[in-house]
Amino acid sequence: MSGGGRIPVTMPNASAKIATIVALMFACSLDLSAQTTMQRYATHDSAAAAARKARDWPEYSRHVLVLDSILGGHPNVQIVGARIAAHLGDTASAYARLRDFAAMGLDRNIEADSELVTLKGTPAWKSISARIASNTAVIGSPVAAFTMPDSDFVAEDITWDPIGSRWLVTGIRRSVIVAVGRDGAHRTIATGPDKGRGYLALAVDSAHGVLWATTEAIPLALGFDTTMAGRSSVFRYDLKSGKLLQRYDMPAGENHGAGDIAVAENGDLFIADAADRALYVIRNGGTLQQLVAKGEFFSPQGPAIARDGRHLYLADYGRGIAKIERNTGAVTWLNHPRDVALNGIDGLTVLDAQTLIGVQNGTNPNRVIRISLDPSGSTITRVTVIAQNKSTIREPTHGVLVGRDYYFIANGGFGAFDDNGK
């Protein structure tokens with residue numbers, strides 16, 4: 001959603017149908033109160049683009065404020081807000097927006113932004129620019145644990161098997177699940193049964209002796225062609241033997257991308273579908289059911305089971321982090337300070353009742369963050385960067401706790417290929 005004055009929110013599997021949906025809404029004069037959150041976003045996004053093109057800054061600001069309320073403080077909105085304030089001559093508000101962006105710890109070349117030209121050269125501008133420049137500094141000192149054997153492996157997810165005392169890693173390119181022992185030895189334990197579909201996510205249910213995995217038809221996977229697009233499946237394996245126990249295909253004739261997953265202590269599996277923008281559940285090996293319908297999420301990513309036994313957390317690539325009731329699917333979004341960036345989180349892990357760990361690959365720089373919660377687990381009080389290094393952490397995706405150590409994929413290799421998997 002970039003260009004045309006729109007707020008560029010980078011997210012995987014972005015729907016190409018939004019423009020058609022928005023046009024239909026205006027043509028039919030639909031009741032806005034009946035819209036889903038994402039339909040409302042699309043409506044105001046389109047209206048904001050029109051106002052931007054007409055250089056109607058007050059109208060543009062009105063729609064951006066609605067978008068901001070949905071996105072919950074996206075860093076790109078801070079930049080857009082600063083541009084609007086600059087055009088309106090409100091330099092105090094423009095600088096305040098830029099300070100919030102700088103405090104998020106992110107990098108951006110604001111010197112090249114022609115819409116901020118009226119703000120440049122002042123002491124306030126120089127201070128903000130210096131702060132942004134410092135945001136690329138190396139943070140933390142993670143140590144390489146192991147590497148995968150193939151340069152085009154394209155690692156996506158990593159989990160830990162406490163029974164076998166081994167890491168399990170998915171490879172998208174050749175659709176494999178590889179076990180890595182503490183001695184660093186690699187062994188392929190499963191190969192995807194479907195041509196053109198890559199393994200994405202893993203979840204170990206050691207209490208029930210089960211390994212869950214998802215696959216999706218994706219250009220990165222060898223053998224993919226466009227007729228396969230939208231096909232996705234969930235697999236249940238015996239953890240020890242690797243024997244396939246059950247297969248769940250996402251509904252045929254629809255666009256699905258069963259991606260990140262999390263398994264609860266009772267065996268329930270939660271599946272984030274980034275293409276369908278919905279959340280699914282398989283109750284203790286039963287049937288596949290939809291828990292949260294499309295319309296609430298931009299791009300649901302890593303789910304993580306909360307310690308209270310009743311909720312799970314879900315990272316949304318555009319909106320931040322949601323807290324979801326496991327039984328009803330009721331969604332609430334975590335409140336957080338304005339100077340905290342929660343967009344672009346791919347992997348999410350629960351450390352304890354008041355701490356999450358997030359892997360952000362939709363921010364510049366990519367990084368691993370510690371997210372501190374209040375006692376209720378509903379408000380974020382602080383976000384701390386614990387690992388950031390542009391030379392060694394180039395494409396982080398997911399991570400897993402082994403004891404109190406956090407292992408994460410630091411360079412998955414996704415960016416070595418173009419959109420066609422070449």
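- In terms of heavy atoms, Asn135 sits closest to Pro365 at O-CG, 3.8 Å.
- The pair Arg319-Glu296 counts as a salt bridge, with a side-chain nitrogen and a carboxylate oxygen less than 4.0 angstrom apart.
- For the pair His336 (side chain) and Ala341 (backbone), a donor-acceptor distance under 3.5 Å is absent.
- Atoms CG and CD1, from Leu342 and Ile371 in turn, are 6.0 Å apart once rounded to the nearest 0.5 Å.
- Side-chain contact between Asn364 and Leu106 is absent, with no heavy-atom pair separated by less than 4.5 Å.
- Between Asp260 and Leu200 there is no side-chain heavy-atom pair separated by less than 4.5 Å.
- Formation of a donor-acceptor pair under 3.5 Å by the Asp308 side chain with backbone atoms of His311 is found in this model.
- The backbone N or O of Leu351 lies less than 3.5 Å from a partner atom in the side chain of Arg307, making a donor-acceptor pair.
- Under a 4.0 Å N-O distance rule, the pair Arg97/Asp68 qualifies as a salt bridge.
- Looking at every heavy atom in both residues, Thr397 comes nearest to Glu156 through OG1-O, 2.8 Å.
- Look at Asp113 and Arg83 and you find a salt bridge, because one of the NZ, NE, NH1 or NH2 atoms lies within 4.0 Å of a carboxylate O, short of that distance.
- When all heavy atoms of Ala155 and Ile409 are compared, the pair lying nearest together is CB-CD1, 3.9 Å.
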Walk me through it: do Asp107 and Arg131 pass the test salt bridge (charged side-chain N to carboxylate O under 4.0 Å, His left out)? CA-CA 9 Å; Asp107 184 31; Arg131 171 63 191 275; over 6 Å; no
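- Between Ile305 and Phe270, some side-chain heavy-atom pair lies under the 4.5 Å cut-off.
- Ring planes of Tyr280 and His256: perpendicular class, angle over 60° (limits at 30 and 60°).
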Evaluate the criterion side chain to side chain donor-acceptor pair (under 3.5 Å) for residue pair Arg182 and Ser165; output intermediate values, then yes/no. CA-CA 7 Å; Arg182 288 190 179 274; Ser165 190; 3.2 Å; yes
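- Shortest non-hydrogen contact noted between Val359 and Pro396 is CG1-CB, 3.4 Å.
- A salt bridge links Arg247 with Asp194: the closest approach of a Lys/Arg side-chain nitrogen to an acidic carboxylate oxygen falls below 4.0 angstrom.
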Audit row: Ile321, Leu356, side chain to side chain contact (heavy atoms under 4.5 Å, CB included) steps and yes/no: CA-CA 10 Å; Ile321 299 176; Leu356 308 175; 4.3 Å; yes
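- Across all their heavy atoms, Asp249 and Leu288 have their closest contact at O-CD2, 4.2 Å.
- Here CD1 of Ile261 is found 7.0 Å from CG of Asp157. Values are rounded to the nearest 0.5 Å.
- Under the 4.5 Å side-chain criterion, counting only non-hydrogen atoms from C-beta, Arg367 is in contact with Thr363.
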Take Glu115 and Arg52 through the test salt bridge (charged side-chain N to carboxylate O under 4.0 Å, His left out) and record every step on the way to the result. CA-CA 12 Å; Glu115 294 193 70; Arg52 170 69 181 85; 3.1 Å; yes
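- The closest donor-acceptor contact from the side chain of Arg173 to the backbone of Leu220 lies under 3.5 Å.
- Proximity of Leu98 to Gln78: side-chain heavy atoms (C-beta onward) are nowhere separated by under 4.5 Å.
- In this structure, His186 and Phe146 have perpendicular ring planes: the angle between them is above 60°, well past the 30° mark.
- Side chain to side chain, Gln35 and Arg40 fail the donor-acceptor criterion of an N or O pair below 3.5 Å.
- Residues Leu67 and Asp45 share a closest heavy-atom pair of CD2-N, 3.7 Å.
- Residue Lys240 places its NZ atom among 12 or fewer non-hydrogen atoms of other residues, nucleotides or ligands, all under 6.0 Å distant.
- Put simply, the side chain of Thr36 gets close to the backbone of Gln39: a donor and an acceptor are under 3.5 Å apart.
- Interatomic distance, Trp160 CH2 to Leu168 CG, rounded to the nearest 0.5 Å: 9.0 Å.
- A salt bridge links Asp150 with Arg174: at least one charged nitrogen is closer than 4.0 Å to a carboxylate oxygen.
- With hydrogens and angles disregarded, no donor-acceptor distance shorter than 3.5 Å links the side chain of Tyr313 to the backbone of Thr349.
- Remark: side-chain polar atoms of Asp100 are not paired, donor with acceptor, to backbone N or O of Met104 under 3.5 angstrom.
- Side-chain atoms of Asp268 come within 3.5 Å of backbone N or O of Asn284 as a donor-acceptor pair.
- Rounding to the nearest 0.5 Å gives a distance of 7.5 Å between CD of Glu395 and CG of Asn366.
- Using a 4.0 Å cut-off between charged nitrogen and carboxylate oxygen, Asp339 and Arg382 do not count as a salt-bridge pair.
- One side chain, Arg236 or Gln246, offers a donor N or O that lies under 3.5 Å from an acceptor on the other.
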Stepwise side chain to side chain donor-acceptor pair (under 3.5 Å) check, Arg197 with Ser233: CA-CA 9 Å; Arg197 297 197 201 184; Ser233 301; 2.8 Å; yes
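- Residues Glu265 and Arg310 are not paired through a salt bridge, judged by the lack of any N-O separation under 4.0 Å between the basic side chain and the carboxylate.
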Could you go through the side chain to side chain contact (heavy atoms under 4.5 Å, CB included) check for Trp167 and Thr159 one step at a time? CA-CA 6 Å; Trp167 291 275; Thr159 191; over 6 Å; no
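- One distance of note links NE2 of His74 with CG of Asn343; it measures 4.0 Å at 0.5 Å rounding.
- Side-chain contact between Asp205 and Leu211 is absent, with no heavy atoms from C-beta onward closer than 4.5 Å.
- Classified by interplanar angle (parallel below 30°, tilted 30° to 60°, perpendicular above 60°), the ring pair Phe297/Trp333 is perpendicular.
- Once rounded to the nearest 0.5 Å, the distance linking OG1 of Thr37 with CD1 of Ile70 reads 6.5 Å.
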Run Trp212 and Phe235 through ring pair (Phe, Tyr, Trp, His ring centres under 6.0 Å) and show every step you take. CA-CA 6 Å; Trp212 292 95; Phe235 295 91; over 10 Å; no
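- With hydrogens and angles disregarded, no donor-acceptor distance shorter than 3.5 Å links the side chain of Gln289 to the backbone of Ile282.
- Side chain of Ser175 to backbone of Ile172: no donor-acceptor contact under 3.5 angstrom is found.
- Using a 4.5 Å heavy-atom threshold, the side chains of Arg231 and Ile218 count as separate.
- Residues Ile345 and Asp316 are not in side-chain contact: their nearest non-hydrogen atoms beyond the backbone lie 4.5 Å or more apart.
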Criterion side chain to side chain donor-acceptor pair (under 3.5 Å) on Asn361 and Tyr317, from CA distance to verdict: CA-CA 9 Å; Asn361 55 32; Tyr317 217 70; 2.4 Å; yes
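- Between Tyr41 and Phe298, the two ring planes are perpendicular [angle over 60°; tilted spans 30° to 60°].
- Within 6.0 Å of the CZ atom in Phe414, the count of heavy atoms belonging to other residues, nucleotides or ligands does not exceed 12.
- Between Asp183 and Arg166, none of the side-chain N atoms (NZ, or NE/NH1/NH2) sits under 4.0 Å from a carboxylate O, so this pair counts as no salt bridge.
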